[in-house]
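Encoded as structure tokens, the structure appears first; notes follow it.
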Amino acid sequence: MTTETLFTKIINREIPADIVYEDEQALAFRDIHPQAPFHVLIIPKKPIATINDISADDAPLVGHLYLVAKQLAAEHGFAESGYRVVMNCNQDGGQSVYHIHLHMLAGVTMGWPPFANHQPKQL
Ligand code: DGP
């Protein structure tokens, strides 16, 4: 399943974003609702809706997103202090934009687990 979302519009410069990194495969820009002092979204230029839609052929592309996170951590001084990289999937995972993206958060000491409203489901 492929989809076009507002992230395609950011890639195509149809809506503005604070872009911090770009290459042929990926784009990274600051989250419009930052949850940490440093909060960027790292996205593939190829629109893939959710983790469930990632194919085996996409594995290098998804791996590349992590290499971009590593590079940004080094450039922005978070490599040693630490940071969090997370990808949400579908409703229970907290996904709201259906174009896969890594959230990269840094600049604060984070807790674990990450959920604020823990309402266990009957499995
Ligand atoms: P998620 O809930 O995991 O799908 O994360 C989507 C994120 O996208 C959310 O943290 C807010 C961010 N976001 C939504 N719309 C925009 C936008 O127009 N610009 C930017 N920079 N970020 C956006």
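Remember, it's 1-based here, ligands and their atoms both numbered in the order they're listed. The figures here come from the full heavy-atom set of this structure, side chains too, leaving out hydrogens, waters and symmetry mates.
Under a 3.5 Å cut-off, the side chain of Q95 and the backbone N or O of A49 do form a donor-acceptor pair. Checked by atom type and distance alone, the side chain of D23 pairs as donor or acceptor with a backbone atom of Q25 at under 3.5 Å.
Ring geometry for H39 versus H103: interplanar angle of 30 to 60°, hence tilted. Note: F29 and F7 have perpendicular aromatic rings, judged against thresholds of 30 and 60 degrees for the angle between ring planes.
In this structure, the protein non-hydrogen atom closest to atom 13 (N) of ligand 1 is I32 CG2, 3.6 Å. The protein atom (non-hydrogen) at minimum distance from atom 4 (O) of ligand 1 is S96 N, 2.7 Å. In terms of protein heavy-atom proximity, atom 15 (N) of ligand 1 is nearest to L6 CD1, 3.7 Å. Nearest protein neighbour of atom 21 (N) of ligand 1, counting heavy atoms only, is R30 O, 2.9 Å. The nearest heavy-atom contact from the protein to atom 1 (P) of ligand 1 is H101 NE2, 3.2 Å. Of all protein heavy atoms, the one lying nearest to atom 9 (C) of ligand 1 is D31 OD2, 3.3 Å.
The shell of residues lying under 4.0 angstrom from ligand 1, judged by heavy atoms, excludes M87. Under the 4.0 angstrom criterion for non-hydrogen atoms, G94 is in contact with ligand 1. Not a single heavy atom of Q35 sits closer than 4.0 Å to an atom of ligand 1.
Contacts of Y98 with ligand 1, taken as heavy-atom pairs under 4.0 Å, are absent altogether. Residue contacts with ligand 1, taken as heavy atom pairs separated by less than 4.0 Å, involve L41 solely via side-chain atoms from C-beta onward.
Of the inter-residue distances, the one linking M104 atom CE with M87 atom CE reads 14.0 Å to the nearest 0.5 angstrom. Between Y66 atom OH and L102 atom CG the span is 5.0 Å, to the nearest 0.5 Å. Interatomic distance, L6 CG to E14 CD, rounded to the nearest 0.5 Å: 11.0 Å.
Atoms of ligand 1 lying under 4.0 Å from at least one heavy atom of F7, given by number and element, are 8 (O).
Not one N or O of H33 is nearer than 3.5 Å to an N or O of ligand 1, by distance alone.
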Pair H99-I11, side chain to side chain contact (heavy atoms under 4.5 Å, CB included): steps then yes or no: CA-CA 11 Å; H99 179 136; I11 293 165; 3.8 Å; yes
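The side chain to side chain contact (heavy atoms under 4.5 Å, CB included) test with I10 is passed by exactly one of I15, L41, I43: I15.
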